[in-house]
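Here's the structure, in structure tokens; my notes come after.
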Amino acid sequence: MEKLILIKYGELTTKKDNINLFIHTLKQNIQKKLKKEKVTIEYDKGRMFIRGLDNNFETIINNLKEIFGIHEIVICYELNTLDLETIQQEILDLIKEKEFQSFKVETKRSNKNITKTSVEISSEIGAFLLKKKPQIKVDVHNPDLTVHVELRMNGTYIYFDKESGLGGYPVGSLGKGLLMLSGGIDSPVAGYMAIKRGVKLEALYFESPPHTSIEAKNKVIKLAKELSKYNNDIKLHVIGFTEIQESIYKNIPHEYLITIMRRMMYRIAEIIALKNNAKVLINGESIGQVASQTLTSMKAINEVVKIPVIRPVACFDKLEIIALSKKIKTYETSILPYEDCCTIFVPEHPVINPDPKLCSLYEEKIPYKDLIYKAIKNHEIIKITSEEKKSFAEFL
Ligand code: ATP
Ligand code: MG
């Protein structure tokens, strides 16, 4: 009898024709995450099995809990038989050490060559256990112990406990997106939500030294590192935004500063995305949060690009976003007090209903195409992995 880990896919099983692509991507992601462990991974359309485990169950399960596309993680025992008597004896052996008063048996029979129904098999196993251990009783509603038995084509799998995975789709199975990552609370949460839907992220950060500090940049690197746990690794693009921002500040009416600045960010983000084969932009905008996030503002800003923009937290309120950022452990970093380029040069009265025609007119006052070209030409790329050993200094 081999002890192994069984993985249930959840939502992936709703995929029909391209289920293999999803499951294959999941397998690759697990392999990358577990590359230090000597395990083998097998799969079929219903389940994935991880074999070759030592005493490293805990490490492996903790790693699996950071991988999207996994619905449940189960430590199970594999028997190379479908013979009911052998199965019953093995279960009796496995529950010897367990303390419980009540139990139930739940059978799943994906091997349809077996003539008995799942319910018949459960009650036969239940009756056998009751005979051998008269002090225990059956409780189908609230048992101390549930004995799960899965009869598959190549054998039987027995398990007792299961742990929840993150759900969602395997990262990369839906292609690539470019996350506009600031040091704030919202964008890391937006990134996490996109990864959950199978989007592999690259990230883009605008910095404005000397107005923004190295600490602000390190904060973004740290946030990207947190996200890279779920994303395998992250390529972080850093764009020097100082010249563009100063030029806007000098030449454009101040109530339009933020609107124009964000139009420039979108233009640059679209170019970086297309160059890197990312199909969408992702950002942390939330409807109504600030002047640049009214519906009219969002329209005036969005209209300078053709690429779709996904805003995962658009309809969340701030408290919901904060709760998620605590859950994914980006909150403590996000609240560090370093200024972002969006918070410098903030006008006293930013326009909340910007006129796109005026935006275009104002933009003619600056050589923005040249400035964008220059910023992209000089941009820096930092590759971030989630591996513990590396210090942030190594990335700089
Ligand atoms: P906060 O949590 O303080 O609202 P924020 O990052 O959401 O922080 P906003 O001013 O609301 O800041 O910006 C809206 C979105 O624009 C961000 O979520 C992010 O996606 C993008 N953005 C803002 N500043 C930058 C930046 N410096 N680099 C990259 N993206 C940025
Ligand atoms: Mg925000």
Side-chain angles (χ1 to χ4, degrees), residues 177-194 199 201-209 211-224 226-227 234-242 244-245 248 257-273 278 280-294 297-298 301-302 304-305 307 309-326 328 330-347 350 352 375-376 379-380 382:
L178 180 67
L179 171 69
M180 298 168 73
L181 180 62
S182 66
I185 295 170
D186 305 327
S187 50
V189 172
Y192 175 88
M193 290 173 76
V199 180
L201 293 188
E202 290 195 14
L204 169 61
Y205 169 59
F206 296 93
E207 62 170 355
S208 287
H211 312 294
T212 59
S213 62
I214 187 73
E215 286 86 358
K217 180 179 183 177
N218 284 342
K219 180 177 158 183
V220 172
I221 292 174
K222 199 166 175 198
L223 290 169
E226 280 300 331
L227 288 177
I234 285 194
K235 195 167 153 192
L236 174 66
H237 303 262
V238 181
I239 290 277
F241 205 51
T242 315
I244 296 176
Q245 232 178 334
I248 295 172
L257 285 185
I258 301 281
T259 316
I260 306 286
M261 187 185 86
R262 295 196 63 76
R263 281 163 61 107
M264 297 301 164
M265 282 185 170
Y266 268 53
R267 288 182 171 109
I268 293 171
E270 179 176 53
I271 296 168
I272 300 278
V280 293
L281 298 182
I282 297 147
N283 69 33
E285 287 170 351
S286 172
I287 300 169
Q289 192 182 84
V290 285
S292 60
Q293 291 164 31
T294 63
S297 282
M298 282 160 108
I301 292 163
N302 203 148
V304 300
V305 294
I307 190 168
V309 182
I310 311 276
R311 300 173 177 84
V313 299
C315 299
F316 281 17
D317 70 35
K318 196 74 187 185
L319 294 182
E320 289 169 315
I321 302 172
I322 288 175
L324 248 171
S325 84
K326 286 183 177 165
I328 65 168
T330 50
Y331 181 74
E332 293 303 325
T333 308
S334 289
I335 58 172
L336 294 173
Y338 308 114
E339 283 222 281
D340 179 57
C341 69
C342 277
T343 51
I344 54 173
F345 305 139
V346 178
I352 49 175
I376 291 175
H379 99 279
E380 177 192 5
I382 306 175

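Every number for a ligand or one of its atoms is a count from 1 in the order of the listing.
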Taking atom CD1 as the centre, does Ile328 end up with more than 12 heavy-atom neighbours from other residues, nucleotides or ligands that are less than 6.0 angstrom away? yes
Atoms of ligand 1 close to Gly184 [distance to a heavy atom under 4.0 angstrom, numbered from 1]: 2 (O), 6 (O), 8 (O)
Judging by distance only, is a nitrogen or oxygen of Gly183 under 3.5 angstrom from one on ligand 1? no
Gly284 versus ligand 1: do any nitrogen or oxygen atoms come within less than 3.5 Å of each other? yes
Spatial distance of atom CG (Leu181) from atom CG (Leu204) [nearest 0.5 Å]: 9.0 Å
Between Val290 and ligand 1, does any nitrogen or oxygen pair lie at a separation below 3.5 Å? no
Side chains of Thr333 and Thr330: is there a donor and an acceptor less than 3.5 Å apart? no
Check Ile321 against ligand 1 and report side chain, backbone, both or neither, counting heavy atoms closer than 4.0 Å. neither
With a 4.0 Å cut-off, would you call Glu332 and Lys222 a salt bridge? no
Exercise: do Ser292 and Ser297 side chains pair donor with acceptor under 3.5 Å: no
For Phe206, is at least one N or O under 3.5 Å away from an N or O on ligand 1? yes
Not counting sequence neighbours, which residues clear side chain to side chain donor-acceptor pair (under 3.5 Å) with Ser213? List them please. Glu215
Can you tell me if Asp186 and Gln289 form a side-chain donor-acceptor pair at under 3.5 Å? yes
For Gln289, counting its heavy atoms only, list the atoms of ligand 1 lying under 4.0 Å from any of them. 4 (O), 11 (O)
Decide whether an N or O pair under 3.5 Å exists between Asn283 and ligand 1. no
Residue Lys318 vicinity, atoms of ligand 1 by number, heavy atom under 4.0 Å: 1 (P), 2 (O), 4 (O)
Can you tell which part of Leu204 has a heavy atom less than 4.0 Å from ligand 1: side chain, backbone, both or neither? backbone
Heavy atoms only, cut-off 4.0 Å: how does Glu207 contact ligand 1, side chain, backbone, both, or neither? neither
For Ser334, give me all partners under side chain to side chain donor-acceptor pair (under 3.5 Å), at least two apart in sequence or on another chain. none
Identify which of Met261, Arg311, Met265, Arg262 has a heavy atom lying nearest to atom 16 (O) of ligand 1. Arg262
